[in-house]
Amino acid sequence: MALRRFLCFVLFVFMFPAHVLAGPPVQTLIIANSNWSPYKGEGLLNGGLITDITRQALVRMGYNVSVVTVPWKRALSGTYDGIYHVLPAVWYTQERAQRLAYGSGVLEGRIVIVTRQDNPFFFNDLSDLSGKRVGVAAGWAYPPAFMDAADIIKDEAHDLDSNLRKLAFGRLEYVIAEEIAARYTATKLFAEAAGFLNYSAKPLQKNTLHVAFSKKLANHEDLREKFQVEVEAMRRDGTVDLILKAHGVNGLKITE
């Protein structure tokens, strides 16, 4: 009798994959937020732009959601370890993908040239900036080709706010910046930002921001796939546009 019970147990183990035996999926998901305006941050509306999209998508999927704000390194390592379940607004790297399940992307980021409307400028390639003084912010990751171009004068400021103020008051003619962050910051600094600032149609570089899930979750693959389907549904029904407007950065591209 004992042998029969043992054999039934062995048969049960081999009949079901490991992720089923790991237990039921977590019903309350913890989002690991950190501070990077306007994408995510403790003092931002609903935790930031991408955190807001993430939270609303997960709620629509039927999950309870908790948001905690911790330093970036702790958010990353904690999601690796399964302490947190969801990591919003994260760049893709092969190293991270070993421990995170990445969706296909949420927002497309564009590194662009910002100018005043009264300074007509058409950007095609870096040669258009030859001999020009371009505002950059300390600590930003600019395209290597731009940084290596010796004929472009880089005017470094402490932050994006300082560069946009210089641009507004005519102390700079060009600023290179990530478009979402630049639009958001300009809206906060100047009531009429949309009227006097121009963002180059052609970017220097494009990056995609993802939402990633801890591979410690038993259902991380299913969660990733259903999350992307829900984000696409939110894009089609106008929810994403409403979120973008609420965060003051409407008119930006949601990846498909």
Side-chain angles (χ1 to χ4, degrees), residues 26 28-59 61 63-111 136-142 158-163 177-189 205-217 220 223-224 227-228 230-231 234 240 243-244 246-249 252 254-255:
V26 176
T28 298
L29 295 174
I30 303 174
I31 297 176
N33 222 23
S34 51
N35 291 304
W36 184 20
S37 300
Y39 303 117
K40 51 188 177 182
E42 191 169 23
L44 302 177
L45 174 67
N46 295 331
L49 170 59
I50 293 186
T51 300
D52 200 357
I53 293 173
T54 303
R55 181 185 59 80
Q56 291 199 39
L58 293 173
V59 168
M61 291 163 60
Y63 286 94
N64 296 317
V65 178
S66 174
V67 179
V68 298
T69 302
V70 294
W72 162 245
K73 288 185 178 180
R74 190 185 306 172
L76 182 62
S77 63
T79 308
Y80 282 165
D81 295 336
I83 298 171
Y84 314 118
H85 307 125
V86 188
L87 190 63
V90 57
W91 305 123
Y92 178 90
T93 70
Q94 290 184 343
E95 179 183 357
R96 292 173 183 172
Q98 295 178 16
R99 304 177 71 179
L100 298 174
Y102 278 85
S104 60
V106 177
L107 283 178
E108 181 181 85
R110 294 168 14 105
I111 306 299
V136 297
W140 279 45
Y142 295 101
H158 178 67
D159 53 22
L160 177 60
D161 299 42
S162 300
N163 274 329
E178 200 280 330
E179 185 178 9
I180 296 176
R183 287 183 182 269
Y184 177 86
T185 303
T187 300
K188 297 302 179 184
L189 290 176
Q205 182 172 294
K206 292 182 180 180
N207 294 316
T208 300
L209 282 170
H210 299 261
V211 173
F213 300 89
S214 174
K215 285 191 174 181
K216 293 291 185 179
L217 287 170
H220 64 266
L223 183 59
R224 172 179 65 177
F227 174 82
Q228 194 60 35
E230 195 62 54
V231 170
M234 290 169 63
V240 167
I243 294 173
L244 292 173
H247 288 266
V249 287
L252 301 173
I254 184 82
T255 60

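Values below: all heavy atoms of this structure, side chains included; hydrogens, waters and symmetry mates excluded. Residue numbers run from 1 in the order of the sequence given.
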If I compare all heavy atoms of [X] with all of [Y], which pair ends up nearest, and what's the gap?
| X | Y | answer |
| --- | --- | --- |
| Ile180 | Pro38 | CG2-CG, 3.7 Å |
| Ala32 | Thr79 | CB-OG1, 3.9 Å |
| Tyr84 | Ala75 | CD1-O, 3.9 Å |
| Ala137 | Asp159 | CB-C, 3.8 Å |

Heavy atoms, side chains only, cut-off 4.5 Å: are [X] and [Y] in contact?
| X | Y | result |
| --- | --- | --- |
| Arg55 | Val65 | yes |
| Val106 | Ile53 | yes |
| Val211 | Leu87 | no |
| Ile30 | Ile83 | no |
| Ser34 | Thr69 | no |
| Asn33 | Val68 | no |

- request: Step by step, work out the salt bridge (Lys or Arg N to Asp or Glu O under 4.0 Å) result for Asp81 and Arg99.
  value: CA-CA 9 Å; Asp81 295 336; Arg99 304 177 71 179; 3.2 Å; yes

message: Run the side-chain contact (heavy atoms from CB on, under 4.5 Å) test on Ser214 and Tyr80 for me, step by step, so that the C-alpha distance in whole Å, both residues' side-chain angles and the decisive distance to 0.1 Å come before the verdict.
response: CA-CA 6 Å; Ser214 174; Tyr80 282 165; over 6 Å; no

message: Whether Asp161 and Lys188 form a salt bridge (side-chain N of Lys/Arg under 4.0 Å from carboxylate O of Asp/Glu) is what I want to check.
response: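 No salt bridge links Lys188 with Asp161.
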
Side-chain ([X]) to main-chain ([Y]) donor-acceptor, under 3.5 angstrom:
| X | Y | answer |
| --- | --- | --- |
| Asn35 | Glu42 | yes |
| Ser162 | His158 | no |
| Lys40 | Gly47 | no |
| Lys215 | Ala97 | yes |

- prompt: Among Leu107, Leu100, Val90, which residue meets the side-chain contact (heavy atoms from CB on, under 4.5 Å) test with His210?
  reply: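 Single side-chain contact (heavy atoms from CB on, under 4.5 Å) partner of His210 among Leu107, Leu100, Val90: Val90.
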
Could you tell me the separation between the [atom1] atom of [X] and the [atom2] atom of [Y], rounded to the nearest 0.5 Å?
| X | Y | atom1 | atom2 | answer |
| --- | --- | --- | --- | --- |
| Thr208 | Lys206 | OG1 | NZ | 9.0 Å |
| His85 | Thr28 | NE2 | OG1 | 9.0 Å |
| Glu230 | Gln228 | CD | CD | 10.5 Å |
| Ile31 | Tyr63 | CD1 | OH | 12.5 Å |
| Leu223 | Leu58 | CG | CG | 6.5 Å |
| Leu209 | Leu49 | CG | CG | 9.0 Å |

- request: Could you check Leu44 against Tyr184 for side-chain contact (heavy atoms from CB on, under 4.5 Å), going step by step and ending with a plain yes or no?
  value: CA-CA 12 Å; Leu44 302 177; Tyr184 177 86; 3.2 Å; yes

- request: Kindly write out the residues that satisfy side-chain hydrogen bond (donor to acceptor under 3.5 Å, both in side chains) with Arg224, not counting sequence neighbours, or none if the list is empty.
  value: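 If we apply the side-chain hydrogen bond (donor to acceptor under 3.5 Å, both in side chains) test to Arg224, skipping adjacent residues, the hits are Glu221.
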
query: Any side-chain donor paired with an acceptor under 3.5 Å for Glu178 and Tyr39?
result: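 Checked: Glu178/Tyr39 side chains pair up, N/O donor to acceptor below 3.5 Å.
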
message: Tell me every residue that passes salt bridge (Lys or Arg N to Asp or Glu O under 4.0 Å) with Arg110, counting only those two or more places apart in sequence or in another chain.
response: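 Arg110 satisfies salt bridge (Lys or Arg N to Asp or Glu O under 4.0 Å) with Glu179 once adjacent residues are dropped.
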
task: Taking the six-membered ring for Trp and the single ring otherwise, decide whether the centroids of Phe213 and His220 are under 6.0 Å apart.
output: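 So the answer is no for these two rings.
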
- request: Determine the interplanar angle of the Trp91 and Trp36 rings, folded into 0 to 90°, and report it as parallel if under 30°, tilted if 30 to 60°, perpendicular if over 60°.
  value: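 Correct class here is perpendicular.
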
